[in-house]
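Just below is one structure, and these are the notes that go with it.
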Amino acid sequence: MRRGHKLRQIAAAGVIVVLLVAIASLAWDMAARVHSLKTAESDNRYWSLAQAEVEFMRFGQTLLTGAGPDDAALLDDLRRRYDIFYSRIATLRESSAYAAMRQQPQFRASLDRVEQFLADTVPLIDRPDAGLRAALPDLAAEAGALAPVVRDLALQGTTHSAARADESRLRILRLMTMLAVLITGLVALLLAFLAALLRLYRKAQRASAANRRARSRLEAMVLSSLDAILVVDRKGRIIDYDGAAEALFGYTRAEVLNRDVSILAPPSDDPASASGGADRRIGGAAFSADTHGRLSLTARHRSGRDFPVEISVCAATGADGPIHVAYVRDISERKATEAALRKARDDARSEERAKANLLAVMSHEIRTPLNGILGTIGLLRDTGLTPEQERLTDAMQISGDLLAHHVSDVLDLSRLDAEESPGTRTTFELRPLLVRLIDSQQATAQAAGNRLTLSACPDGTVGWVQGDPWRLQKALLNLIGNAIKFTRNGEITLAAQIVGPGGHLRFSVADTGIGIPPDSLECIFEDFVTLDTAYDRESTGTGLGLGITRRLVQSMGGRIAAESHPGEGSRFWMDLPLPAVPPPGAAPAAGPEATGAPAGFDILVVEDNEINRLVVHRMLRKAGHRVTEATDGARGVALAGAQRYDLIFMDISMPGLDGLEATRALRAQGACRDVPVVALTAHALPGDRARIREAGIDEILVKPFDTAQLRGIVRRLTGASDGPAADTVRPDPQDQVLDTGVFGDMLDTLGPDHTLRHLRRFTQEFEGYLSGLGAGNAPCRDETHRLAGSAAVLGLRGLHRQLEHTESMTRQNRLADPRTLAESLSRHWRQANAALRAQWPHEADPAL
Amino acid sequence: MLTTPDRTFRRLLYAPLVGAILVQGAPLHADGAEGAPILTVTGQIDPPDTDLPVTFDLEALRALPTRRVETTTIWSEGVQRFDGVGLDVLAQEMGATGRAVRASAVNDYSVTIPMADATPDGPIVAYLRNGKTMSLRDKGPLWIIYPYDSDTRYQTEVVYSRSIWQLDRLDFVD
């Protein structure tokens, strides 16, 4: 379209040029012709020719008159007539006017003939009178013969003239015709141009009208704009400034025009922008950064007051190069509002944080003395109380237990909230976990008259899965605990099934309890929600249980929901991504012991607790590894410096060089500086974990642990990784006297004989310790620690907790009376003994 | 017409007389005899009270200031050199007051030249062509020559018609 237009233009111009050239050449021709018309190339040629004949006739006439003997005058006249004729002919011969005619052969012949006559007669004419007179008759005869020739000469002139005139006329006619054609063409073309021009003019007029309308609209828009408008040229000079700007900046238009824009936007104090000056800030930097950027900066009022503005800048083209149009808006109010909002939000946040911190600290701080109180209550029971006192002590015990429960809820909550990692992923077998869970809650369920069953576990389909067993167990425990709490003499069923592809499992806990009203169903997963529907006030919790469960589920990437019919029961279910994995161990036929760990590693175990050391040693050796023992940190470092091991297990709390220091030492130099180190520890608060990792430890294995966990760690750290590295935390069932899982493991690992030997040794050591306390000696911290570790290895959870508590009290020098402590510990010891007996596989009394 | 009937009459009366004197007193030979009159001037000339024609022989004309014109002509080939008396000079010498001059040739060819033509760079009455006197056969003895090459306005048919050759009479008229 545009191309065609251009081509057309070029063609038209070409035509015009051609026409103009043609016209010019014609005009040149015409001019030459006109010029030649202005100057005659001859006088009247044809008259001259005729005149030659006339002169000849006169000569002839004079000749015919004849002359007498004395008629000299007549001879003179004859001579004169002859001379005149002669001069005429001479002219015809010489004059350039007759050049064309002389070219004609006929004319030439006639002229030659006449000249011949003249040549012949001149001698006669020039004779003296007598001679001439004698020659007259001859002369007359010659002249008579010449007459037709002279006549012919004259006639030829006429013919020639006619031809010449015709030719000239034709030429002029041709010229005129061509000129007329050309001019007509030119005029036509010019008319076409005129038409085109007219059209363009109309178009331009329409465009200009549209332009005017647009401009007036724009002006109206600009005038009605609430924002101040500045127009700044390339150098940062203000070239336009509107009424709103006058109001905003306090300067009148006349005051700022042609001034630098920096008077409106002072240079900032910060050196980066100050170096470039204000012009860079509002001009250069902002303007060149973006063709339509929006930015905030500080403007200055005429009074010197600085205020925040938001400007949006557009680049445009002005008469003298690029200009920038800036819309400036005072955002003081908005900034103030923003600041207020931000402050309110920050305040709220910090309050929230403070509250959470307070909660965590308080809970932790409460737990320690609470343990003391509960321990003391236990001791109090053994002092021979009256029934009345017994009843009061029971009440105290119940309230204390409840309080302890609440406190650990809150601690769980803050720990979950603080945790960043999505959780551990290890490989575990689902069914044993569920069975153990049910078993552990059986007693509580029965106490409320409930039947707790595991139903429809997809035993054939779900074997080993990958996930976080601790969180799963904790979440299920909460749901089961909840169900027990709200169900009396009913049924509670735990079920697990596969939902959909991708390894999603649905766990559901259904009860036949009192149910949840529909309007409460939505909020039960929020924190601190309690429903006044429990059977008794004592069983009412903090309202954190389901909140914690929700967090656990979410941290595992799953979701949780509930449905309920008041009076009929409730059903809680959670969907968790627990992808099925092949059972660890390439050869299933090898039995449960050969759980697939690649065997044959050199492993160093640094552990001061003998039982612990032995258990770890046995477990590792069973898996086919070679184990070297070190009884304290210093020995461990020495061994690690001398020989390279594939893996090192390091107890954290050791007398002398503790685990952290030992790790730092062996990391600093020696053969094992880059060997993975696994911490063995009984306490794993988040802060401790960070400290442990900082020392250069790769993994943390929290006591008590079982064979599977130990093997998982070995597998992972020796390169046979089967999941992301993570802490391995053993489930920590609340209020357990004996962890049957751990105890069973030990029994498996060591065999009954060895286990019994250890139990006996522990019994010996512990009773010695007790008798020391009973004698009023303050507990030795190291001994307490060692005993706590042994208790953990044996799965004696209650005792372990009590000893840990004692150790921490000892550390803080806050232990009141060793005898009271001895009472409490011996009570726990009795409970532990009972539990051990119950778990013991043989009927025979182990004679503890 | 300023000429009175009386003067016209007298001129008619004398003209043949003069012609007779000329023919008889000066044989018309080409080389022009010494003292033979070759130009007769009549008309409104000074002194006004005489109606007699004034005659010039070649010497008389040569005594007047000479003016040379070098030009081509349409009647000849190449540049020609003419020497003669300027028409304006001659008119002034005669005290001519007329607005035109009637020039006549030996063969009675006659033409009227307006006095406006008689300017200092205008026509001359030539008596020499290329340094030689001109015979009757050579368009002599006198030839009114315009400086044709000097100006295109002298290259017109009117000017050519005024370039009278074989001139022998000048009559200054109103």
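The chains referred to below are lettered A, B, ... by the order of the sequence lines, with proteins before strands, and numbering in each begins at 1. The figures here come from the full heavy-atom set of this structure, side chains too, leaving out hydrogens, waters and symmetry mates. Worth saying up front: this structure is predicted, and the values here are computed from it rather than measured.
- Applying the 6.0 Å contact sphere to CE of Met57(A) captures no more than 12 heavy atoms from other residues, nucleotides or ligands.
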### Task
Please lay out, stage by stage, how Arg137(B) and Tyr82(A) fare under the test side-chain contact (heavy atoms from CB on, under 4.5 Å).
CA-CA 8 Å; Arg137(B) 288 178 197 167; Tyr82(A) 180 86; 4.1 Å; yes

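- Here Arg88(A) is the residue among Arg93(A), Arg81(A), Gln51(A), Arg88(A) with the most heavy-atom pairs under 4.5 Å with chain B.
- The distance from the CD atom of Glu94(A) to the NZ atom of Lys139(B) is 5.5 Å, given to the nearest 0.5 Å.
- Environment of CD in Glu70(B): crowded, with over 12 heavy atoms of neighbouring residues, nucleotides or ligands closer than 6.0 Å.
- Sorted by first and then second residue, the pairs that involve residues 143-154 of chain A and meet side chain to side chain donor-acceptor pair (under 3.5 Å), not counting sequence neighbours, are Glu53(A)-Arg151(A), Ser110(A)-Asp152(A), Asp152(A)-Gln156(A).
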#### Entry: side-chain contact (heavy atoms from CB on, under 4.5 Å) assessment of Leu136(B) paired with Tyr86(A)
CA-CA 9 Å; Leu136(B) 199 59; Tyr86(A) 187 99; over 6 Å; no

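- The environment of Arg81(B) atom CZ is dense: over 12 non-hydrogen atoms of other residues, nucleotides or ligands sit within 6.0 angstrom.
- The closest donor-acceptor contact from the side chain of Arg58(A) to the backbone of Asn107(B) lies under 3.5 Å.
- Minimum interatomic distance between Trp165(B) and Ser87(A) (heavy atoms only, all atoms of both residues): NE1-OG, 4.2 Å.
- Residue Leu118(A) does not touch chain B at all, counting heavy-atom pairs closer than 4.5 Å.
- Qualifying ring pair (Phe, Tyr, Trp, His ring centres under 6.0 Å) partners for Phe117(A), counting only residues two or more places apart in sequence or in other chains: none.
- Heavy-atom neighbours of Gln106(A) CD from other residues, nucleotides or ligands within 6.0 Å: at or below the threshold of 12.
- Contact annotation for Phe85(A): neither backbone nor side-chain heavy atoms come within less than 4.5 Å of a heavy atom of chain B.
- Atom CD of Glu55(A) and atom OH of Tyr109(B) lie 12.0 Å apart (nearest 0.5 Å).
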